[in-house]
Amino acid sequence: MVYIDDIFADEVLDSRGNPTVRATVVLSDGTEGSAIVPSGASTGSKEAVELRDGGKRYMGKGVLKAIENVNVEIADELVGMEPFNQAEIDDIMKKLDGTDSYSRLGANAVLGVSMAVARACANSLGLPLYRYLGGSNALTLPTPMFNIINGGSHADNNVDFQEYMIIPIGFDNFAEALRAASETYHHLKKILSDMGLSTTLGDEGGFAPNLKSNEEPLQLIVQAIKNAGYEPGKQISIVVDSASSEFLTKDGYRLGSENRTLSSSELVDYYDELCDKYPIVSIEDGLGEDDWDGWKIMTEKLGNKIQLIGDDIFVTNKKILAHGIEKGIANAVLIKLNQIGTVSETMQTIRLAQRNNYACVVSHRSGESEDAFMADFAVALNCQQLKSGSTARGERLAKYNRLLAIQRELGYGEYLGKELF
Ligand code: PGA
Ligand code: ZN
């Protein structure tokens, strides 16, 4: 019998230069698996809790307490156990933590171990991670969404919406979709520098120029798609993540770059207008995480036309998603492992979404690392889409490059790229 021989964690740095947890699980057969936990900036209020040390060290962002929780409490509980029942391992950690949000041990401690266990098991069996987690069903690659203009809390510019993404929908395989996105990214860079605008990158590898309005990025992206030789709306469409909880004030949705404040239904009308003018196929967090009445209006008005993704509103939480499904809110869910805290709970949320025809979009965080766990995870669970930032910055490319390798292993098998709306 193979059992867990050792569990330990290190404090490493993420792409923003902040500390995070790398957990390692060593099995009795000598194989091991490690995983690095990502970290968000525009977090939903009901997300699982990241444990940070406070104090002066790393300006309060150290994770030594989470590391200690892995090394002592979690290791004490799991060492000696058989590793292959992921749900059982995750359940033990949940009970050990004893809170609803992992606020005692830290979701960063628990998720690190949860992912590292899965990886150690895959290594022990000599299987790729997507095959271990997904079995023979893991056959399809997700359609990628590339965040090429960054705004909101991911950039030091005046753009209110957080992410302007391109989604290549008219391509036969993942490699061609990636190429088209990269070419568009380079053409966008040229347009921006010809206009004398900044081409420095935001947290997710997109450009972060100061622009006149929230509409200007859409114009520039359409131009970049055309300059790259592709047809907007046919081959490459646009996805927006407004992350609107970040600009919701007591008076309404404050669009600082346009100097106006909108009600929920006015913002929905604005989206509707933008969808008529630009090839937008999906909007994420169009309204705030607590604005369920607004979400209902938005889903009724736009839900038959475009994909409406819930990120901060659902926080990858099965119970909250179930409530949303019951109320007819959104038609897609963003999937972030660290919002809920373990691999098995994330899988449960995905299965609930799939049973109810909600599309699943596997997502990185704005604070990332070289770990590409989520790429395997998206393939394992047959998720329709994946977003991992732009086609620049190593931590973003780690995921896309991993998908290229998976595509080769699957023999350029099925690609979901044409199936969005
Ligand atoms: P975050 O942003 O990782 O900063 O939360 C990503 C997103 O909102 O989708
Ligand atoms: Zn989001």
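Along the sequence shown, the residues carry numbers beginning at 1. Computed from a predicted structure; not experimentally measured.
- For residues 301-323, every residue pair satisfying the ring-ring contact (aromatic ring centres under 6.0 Å, His included) rule, not counting sequence neighbours, is listed here: W292-H323.
- Scanning both residues, L64 and E11, for their nearest heavy atoms gives CD2-OE1, 3.7 Å.
- A distance of 8.0 Å separates CG of D376 from CG of L403, quoted to the nearest 0.5 Å.
- Across all their heavy atoms, A120 and L27 have their closest contact at O-CD1, 3.5 Å.
- Using bins of under 30°, 30° to 60° and over 60° for the plane-to-plane angle, the ring pair F171/Y230 lands in the perpendicular bin.
- Residue pairs meeting the side-chain hydrogen bond (donor to acceptor under 3.5 Å, both in side chains) criterion with at least one member in residues 121-137, sequence neighbours excluded: D29-S124, Y130-E409.
- Considering CG of L334 and CG of D285, their distance stands at 7.5 Å, rounded to 0.5 Å.
- A centroid separation of less than 6.0 Å is found between the aromatic rings of F207 and Y185.
- Of the candidates V281, L386, I309, I309 is the only one forming a side chain to side chain contact (heavy atoms under 4.5 Å, CB included) with M145.
- Taking CD from E163 and CD1 from I149, the interatomic distance works out to 12.5 Å, rounded to the nearest 0.5 Å.
- Residue G389 comes nearest to R396 through the heavy atom pair CA-CD, 4.1 Å, listed as atom of the first residue, atom of the second, then distance.
- Between G310 and I313, the shortest heavy-atom distance links the atoms CA-CG2, 3.5 Å.
- The 12-atom threshold is exceeded at CG of N401, counting heavy atoms of other residues, nucleotides or ligands nearer than 6.0 Å.
- When all heavy atoms are compared, the tightest approach of V25 to A116 is CG2-CB, 3.7 Å.
- Side-chain contact check for I335 versus T346: some heavy-atom pair is nearer than 4.5 Å.
- Annotation for R119 and S34: closest pair NH1-O, 2.8 Å, computed over non-hydrogen atoms.
- Evaluation of the side chain to side chain donor-acceptor pair (under 3.5 Å) rule for E77 yields no partner, not counting sequence neighbours.
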Exercise answer: donor-acceptor pairs, residues 84-93 side-chain atoms, under 3.5 Å, sequence neighbours excluded:
residue: N85; atom: OD1; partner: A87; partner atom: N; Å: 3.4
residue: N85; atom: OD1; partner: E88; partner atom: N; Å: 3.2
residue: Q86; atom: NE2; partner: D90; partner atom: OD1; Å: 3.3
residue: Q86; atom: NE2; partner: D90; partner atom: OD2; Å: 3.4
residue: Q86; atom: NE2; partner: S114; partner atom: O; Å: 3.0
residue: Q86; atom: NE2; partner: S114; partner atom: OG; Å: 3.1
residue: D90; atom: OD1; partner: S114; partner atom: OG; Å: 2.8
residue: D90; atom: OD2; partner: S114; partner atom: OG; Å: 3.3
residue: D90; atom: OD2; partner: S344; partner atom: N; Å: 2.9
residue: D90; atom: OD2; partner: S344; partner atom: OG; Å: 2.2
residue: D91; atom: OD2; partner: K95; partner atom: NZ; Å: 2.8

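- With sequence neighbours excluded, the residues forming a side chain to side chain donor-acceptor pair (under 3.5 Å) with E345 are K94, Y102, T342, listed by chain and number.
- Considering only residues two or more places apart in sequence or on other chains, S265 meets the side chain to side chain donor-acceptor pair (under 3.5 Å) condition with none of them.
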